[in-house]
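We name chains A, B, ... by the order of the sequence lines, and we start the count at 1 in each one. Nothing here was measured: the structure is a model prediction, and the numbers come from that model.
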Number of protein chains: 2
Amino acid sequence: MKNACETPEEHEGVIKTALADMPSDGAIATMAARFKAISEPSRLKILLALSAGELCVEHITAAVGGNQSAVSHQLKTLKDNRIIKSRRAGKNILYSVDDDHIMTMIKVAKEHLHGDE
Amino acid sequence: MKNACETPEEHEGVIKTALADMPSDGAIATMAARFKAISEPSRLKILLALSAGELCVEHITAAVGGNQSAVSHQLKTLKDNRIIKSRRAGKNILYSVDDDHIMTMIKVAKEHLHGDE
DNA sequence: TTATCATATGATTAATCATTCATATGTAGG
DNA sequence: CCTACATATGAATGATTAATCATATGATAA
């Protein structure tokens, strides 16, 4: 441990713990990709809309604004990253939030917001 | 409500709820920016390291690899988005996770990972 | 007050990404 | 089958961003 600061021993302990708990590069990449998927305002808005319930593409488009192609691309990104899932119902594809972890993250992110203006 | 699919009445209810609960554009932008801040693997890795405890810049750099300048830029992005906070201790700046919401999000994201390979 | 150490910052460049337009796919009804 | 409808996809381009390099700041110690 390099003596870079005045408490290198403490930091040594922290680093040891951090490295022991550190996910693999692949796991980090997956986590990061998921955060990236929900880090564009238009995609986040879609996710917030879907947090109220299942919707077809046209109604998602109506709820968030924008055009069909853009929304479809955004849905693909969200789905590829397992943020949302889809099922077919006749001519329509219905989208919904993938699981409770996502709902929890959205909820926590909203809470963290309180404290900004 | 446009009759885009076979259950427009149900969707109407969902959209009504979604729009009622929808944060402002500004709030969405803030949330999105925070997700973006933790959506780059190198920054996420820094955050995962800091989740074990407070560290100075040089030790963060040692823990995650990379060079001092890059890490410093990444720390700035995380700090600007209130993901981490800092305090000075003599010659050093010590960084730590900003609050419990962030820790919760990281924990939830790790859980969501289980189910991938 | 000068030298050194720890960290931050500005500018540049290369890579990544979102949006758009045009078109394709798949489904249902006639 | 043929048409209309709902959604998806590919290519192109303009915008955003991360990494790097060089330099600046701010603190300590001699």
Side-chain angles (χ1 to χ4, degrees), chain A residues 1-8 11 28-29 32-47 50 54-81 83-96, chain B residues 1-8 11 28-29 32-47 50 54-81 83-96:
Chain A
M1 172 65 49
K2 193 165 160 219
N3 191 15
C5 61
E6 282 157 20
T7 55
H11 289 187
I28 290 176
R34 284 189 179 138
F35 282 122
K36 181 164 295 179
I38 58 181
S39 76
E40 217 58 28
S42 45
R43 288 195 295 259
L44 179 56
K45 196 167 184 180
I46 289 175
L47 189 58
L50 291 179
E54 188 181 54
L55 286 172
C56 67
V57 176
E58 182 157 339
H59 287 153
I60 293 169
T61 305
V64 306
N67 71 59
Q68 182 269 319
S69 179
V71 169
S72 198
H73 277 291
Q74 288 154 358
L75 289 168
K76 177 164 172 34
T77 299
L78 289 169
K79 193 181 172 202
D80 286 350
N81 286 283
I83 309 295
I84 61 177
K85 58 191 194 307
S86 66
R87 67 186 179 92
R88 180 175 281 276
K91 276 199 271 197
N92 305 284
I93 311 282
L94 304 182
Y95 283 91
S96 55
Chain B
M1 172 65 48
K2 194 168 162 217
N3 191 14
C5 60
E6 284 156 21
T7 55
H11 288 187
I28 290 176
R34 284 189 180 138
F35 282 121
K36 180 165 295 180
I38 58 180
S39 76
E40 216 57 28
S42 46
R43 287 195 296 259
L44 180 55
K45 196 166 184 181
I46 289 174
L47 189 57
L50 291 179
E54 188 181 54
L55 286 172
C56 68
V57 175
E58 183 156 338
H59 287 153
I60 293 169
T61 305
V64 306
N67 71 60
Q68 182 269 320
S69 180
V71 168
S72 197
H73 278 291
Q74 289 154 356
L75 289 169
K76 177 164 172 32
T77 299
L78 290 169
K79 193 181 172 202
D80 286 349
N81 286 283
I83 310 294
I84 61 176
K85 58 190 193 310
S86 65
R87 67 184 179 92
R88 179 174 281 277
K91 277 199 270 196
N92 304 285
I93 311 284
L94 304 182
Y95 283 91
S96 55

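- Taking atom CG on A:Leu44 and atom P on C:dA18, their separation rounds to 13 Å, with Å as the unit.
- Here the C1' atom of nucleotide C:dA15 and the NZ atom of A:Lys36 are 11 Å apart, to the nearest Å.
- Counting any heavy atom pair closer than 4.0 Å across all strands shown, A:Ser42 reaches sugar-phosphate atoms only and no base atom.
- Although no hydrogens or angles enter the test, the distance criterion places no donor-acceptor pair under 3.5 Å between the side chain of A:Arg43 and the main chain of A:Lys45.
- Across D:dA6, C:dT7, D:dT20, the shortest atom-to-atom separation from the side chain of B:Glu58 is found for C:dT7.
- Of the side-chain N and O atoms in A:Tyr95, none sit less than 4.0 angstrom from OP1 or OP2 of D:dA6.
- Look at NE2 on B:His73: it is 12 Å from C1' on D:dA24, rounded to the nearest Å.
- Taking atom CG on A:Asn67 and atom C1' on D:dA8, their separation rounds to 13 Å, with Å as the unit.
- Contact between the side-chain N/O atoms of B:Arg88 and the OP1/OP2 oxygens of D:dG26 is not found at any separation under 4.0 Å.
- The separation between A:Glu40 atom CD and C:dT20 atom C1' is 16 Å, rounded to whole Å.
- For B:Asp80 and C:dT9, the CG to C1' distance is 12 Å, given to the nearest whole Å.
- At whole-Å resolution of the value, CD1 in B:Ile38 and C1' in D:dT17 are 17 Å apart.
- Protein atom NZ of A:Lys79 is 8 Å distant from nucleotide atom P of D:dA8, rounded to whole Å.
- Judged by distance alone, with hydrogens and angles left aside, B:Ser69 brings a side-chain donor or acceptor within reach of the base of C:dT9, the pair sitting under 3.5 Å.
- Among the nucleotides C:dC5, D:dT7, D:dC5, the one closest to any side-chain atom of B:Lys91 is C:dC5.
- Checked by distance alone, B:Gln68 brings a side-chain donor or acceptor within 3.5 Å of a matching partner on the base of C:dA8.
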